[in-house]
Amino acid sequence: MKKILCFFVTVCFTALLVAQDSDAGFNDFDSLFAEATDVEVQQQEPPVAQESQPQNNTVTEKTSSNPYYKPLSFSGRLEAEVGGVVFFENKNFNFSGYLNLLNDLSFSARASKNLAVKGTLRAKLPSFSLSLHELYFDYLFLDKLYISAGKKNISWGYVQLFSESSNYGTGVDAFGKPYSGPLLTNVVADSGESVSAVLQLPVLTGTITAVAMYSGEVDTTPSYKDFSFAGSIEMTLLQTSINLFARTYPSLEGNLPHLYKPPVLGLEMKRTFFGTDFYAQSLVSVFDFKKLDSKEGYDCVAATGGFYRLWEAERKVGFNVEYQYVYTPNGEDSHAHRVAFAGGISRLGSRKNIKLGIDWNHDFTKKSGDAKLGLILSGIFPHADWINGFSVAYASEQKIPDMTFATSLRLLLDY
């Protein structure tokens with residue numbers, strides 16, 4: 001098992017060294033490549049303390065001593081989509097129509113450079129829901145320590161395509177009971193469903209980050225065993241971004257044993273060569289720290305690598321490729337190999353209002369996958385995009401793949 005771990009760590013370094021030496025379900029089809037050429041590999045930037053200025057904390061207007069003040073403001077975004085879908089499954093055709101509506105009403109205010117607050121109320125149809133999507137404050141302590149707490153989405157990691165869709169976390173807990181759930185390359189992908197507190201401290205060329213999350217009932221007093229904890233040390237060394245991180249989950253001995261999962265350790269790196277981002281990640285889910293010298297000590301081991309490139313001129317072209325290997329000692333498929341590709345081009349046509357994108361995912365182990373093609377035309381109708389999508393899902397046991405075609409109008413309004 002030690003050889004396996006060494007291999008995954010080596011994968012990260014090799015992917016970057018080679019680059020350095022060469023210098024080289026369709027329900028959400030509305031968003032299929034809508035931003036395929038607009039998304040770049042993101043990494044969370046550390047908070048940058050502003051130069052200290054004398055200020056009175058009671059000042060509630062923009063002055064020379066408090067230039068960061070922003071009064072309470074409201075904004076909103078409406079996304080509505082109506083369309084039709086044609087399914088071809090099991091040699092049968094089916095038709096359906098749908099209407100989706102999402103509306104965000106947000107507010108924000110900043111008292112000074114040290115304190116700001118933001119919140120969003122989200123409404124959805126046709127299955128009506130009204131929820132507090134986010135509500136948090138940001139505080140800069142002593143011009144150095146960044147504090148953020150409340151309900152918010154947190155995103156970590158350099159992996160893009162396998163970031164929030166890798167459901168390979170399966171195994172048994174300490175009581176011998178089986179469990180299943182996602183083990184994500186973005187280990188804090190579930191932060192939006194929790195109340196969290198984030199501390200960030202810039203140190204030299206990097207940032208130390210600590211996160212605590214609670215997903216239980218708000219009317220109970222939790223113990224530390226009911227919290228999830230995550231931490232990362234991100235730094236830049238020799239023009240390479242390096243991130244070492246870890247994540248724990250609520251304890252089996254606490255009040256939320258159903259949220260238990262084995263702790264996760266990870267290492268990832270990213271470097272840019274001639275406009276192309278190369279990145280790699282090794283991730284280990286540890287079942288028993290006392291048995292790390294054998295496979296019984298591991299719930300899952302995953303290695304992911306990829307690269308991303310964007311060209312922006314008269315046309316905007318971008319693509320992203322990732323490969324992932326997963327080893328689950330206690331899983332049905334102990335070894336899994338898969339690849340993902342996403343690419344697109346925009347500013348097509350005489351009016352530069354056409355986007356074209358393609359997405360392909362293939363699992364070599366299960367011999368299955370899917371391919372999607374999206375075409376978006378903007379500006380044909382006021383405040384609307386005409387979206388067309390076609391997908392094919394295939395598997396080795398299928399003689400004829402499943403196919404889906406959908407077309408819709410998406411209305412967008414920022415107010």
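- Counted within 6.0 Å of NE2 on H383, heavy atoms from surrounding residues, nucleotides or ligands total 12 or fewer; the atom is thus considered open.
- Considering only heavy atoms from C-beta on, L161 stays 4.5 Å or farther from Q324 through its side chain.
- A heavy-atom distance below 4.5 Å is found between the side chains of N388 and F405.
- Using a 30° and 60° split on the angle between ring planes, F88 and F93 fall in the tilted class, from 30° to 60°.
- Between the side chains of E134 and T120, a donor-acceptor pair is found at a separation under 3.5 Å.
- Q200 and T207 form no side-chain donor-acceptor contact under 3.5 Å, judged by distance and modelled atom types alone.
- Remark: aromatic rings of H335 and F364 are distant, center separation not under 6.0 Å.
- The minimum heavy-atom distance linking L102 with K124 is given by the pair CD1-CE, 3.8 Å.
- The environment of Q239 atom CD is sparse: at most 12 non-hydrogen atoms of other residues, nucleotides or ligands sit within 6.0 angstrom.
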**Request:** Take K261 and D190 through the test salt bridge (Lys or Arg N to Asp or Glu O under 4.0 Å) and record every step on the way to the result.
**Result:** CA-CA 13 Å; K261 293 177 187 177; D190 58 340; over 6 Å; no
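- Side-chain contact check for Y308 and E322: no donor-acceptor pair (N or O, by modelled atom type) lies under 3.5 Å.
- Scanning both residues, Y68 and S112, for their nearest heavy atoms gives CB-C, 3.8 Å.
- Going from atom CG of N92 over to atom CZ of F87 covers 13.5 Å, rounded to the nearest 0.5 Å.
- Side-chain contact check for H362 versus F341: every heavy-atom pair is 4.5 Å or farther apart.
- Minimum heavy-atom separation, K152 to S196: CG-OG, 4.0 Å.
- At a threshold of 4.0 Å, the pair D385-R410 counts as salt-bridged, since one of the basic side-chain nitrogens sits closer than that to a carboxylate oxygen.
- Put simply, the side chain of R247 gets close to the backbone of V187: a donor and an acceptor are under 3.5 Å apart.
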**Item:** F319 and W311: CA distance, side-chain angles, deciding distance, side chain to side chain contact (heavy atoms under 4.5 Å, CB included) verdict
**Value:** CA-CA 9 Å; F319 70 92; W311 292 270; 3.3 Å; yes
**Prompt:** Under the side chain to side chain contact (heavy atoms under 4.5 Å, CB included) criterion, do V117 and L72 qualify, and how do the steps go?
**Reply:** CA-CA 9 Å; V117 62; L72 177 65; over 6 Å; no
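- Checked against a 6.0 Å centroid threshold, the rings of Y214 and F227 count as neighbours.
- Summarising the geometry, atom OG belonging to S228 is positioned 5.0 Å from atom CE belonging to M213; distances are rounded to the nearest 0.5 Å.
- The two residues S232 and F245 make their nearest non-hydrogen contact at CB-CB, 3.9 Å.
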**Request:** For the pair Y146 and L201, evaluate side chain to side chain contact (heavy atoms under 4.5 Å, CB included) and give the outcome as yes or no after the intermediate values.
**Result:** CA-CA 6 Å; Y146 174 80; L201 179 65; over 6 Å; no
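- Expressed to the nearest 0.5 Å, how far CE of M235 lies from OG1 of T240 amounts to 12.0 Å.
- Counting only N and O atoms by type, the side chains of S191 and N153 include no donor and acceptor under 3.5 Å apart.
- Inspection of the N361 and D359 side chains reveals an N or O donor paired with an N or O acceptor under 3.5 Å.
- For the atom pair OG (S408) and CD1 (I387), the distance works out to 4.5 Å, reported to the nearest 0.5 Å.
- Here the CD1 atom belonging to I358 is positioned 13.0 Å from the CD1 atom belonging to I345, to the nearest 0.5 angstrom.
- At a threshold of 4.5 Å between non-hydrogen side-chain atoms, the residues I242 and I233 do not count as touching.
- Sparse packing is recorded around CD of E193, with 12 or fewer heavy atoms of other residues, nucleotides or ligands lying under 6.0 Å away.
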**Asked** salt bridge (Lys or Arg N to Asp or Glu O under 4.0 Å) between K270 and E268: does it pass, once the steps are laid out?
**Response** CA-CA 7 Å; K270 178 173 75 74; E268 59 185 359; over 6 Å; no
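- When the shell of 6.0 Å around CG of L204 is examined, it contains 12 or fewer heavy atoms from other residues, nucleotides or ligands.
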**side chain to side chain contact (heavy atoms under 4.5 Å, CB included) between K118 and D138, worked out** = CA-CA 9 Å; K118 182 179 180 180; D138 294 328; over 6 Å; no
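- Minimum heavy-atom separation, A313 to R347: O-NH1, 2.9 Å.
- When side chains are defined from C-beta on, L237 does not count as touching T205, because their heavy atoms never get closer than 4.5 Å.
- You'll find the side chain of V326 stays beyond 4.5 Å of the side chain of T365, heavy atoms only.
- Judged purely by distance below 3.5 Å, without hydrogens or angles, the side chains of Y415 and N103 pair a donor atom with an acceptor atom.
- Between F107 and L121, every side-chain heavy-atom pair lies at or beyond the 4.5 Å cut-off.
- Judged by distance alone, the side chain of T185 and the main-chain N or O of F162 form a donor-acceptor pair under 3.5 Å.
- When side chains are defined from C-beta on, V286 does not count as touching P262, because their heavy atoms never get closer than 4.5 Å.
- In terms of modelled atom types and a separation under 3.5 Å, the side chain of R77 and the main chain of S106 share no donor-acceptor contact.
- Within a 6.0 Å sphere centred on NZ of K367, heavy atoms belonging to other residues, nucleotides or ligands number 12 at most.
- Atom CZ of R122 is separated from atom CG of L132 by 11.0 Å, given to the nearest 0.5 angstrom.
- Contact between N186 and I154 at its shortest, heavy atoms only, is ND2-O, 4.1 Å.
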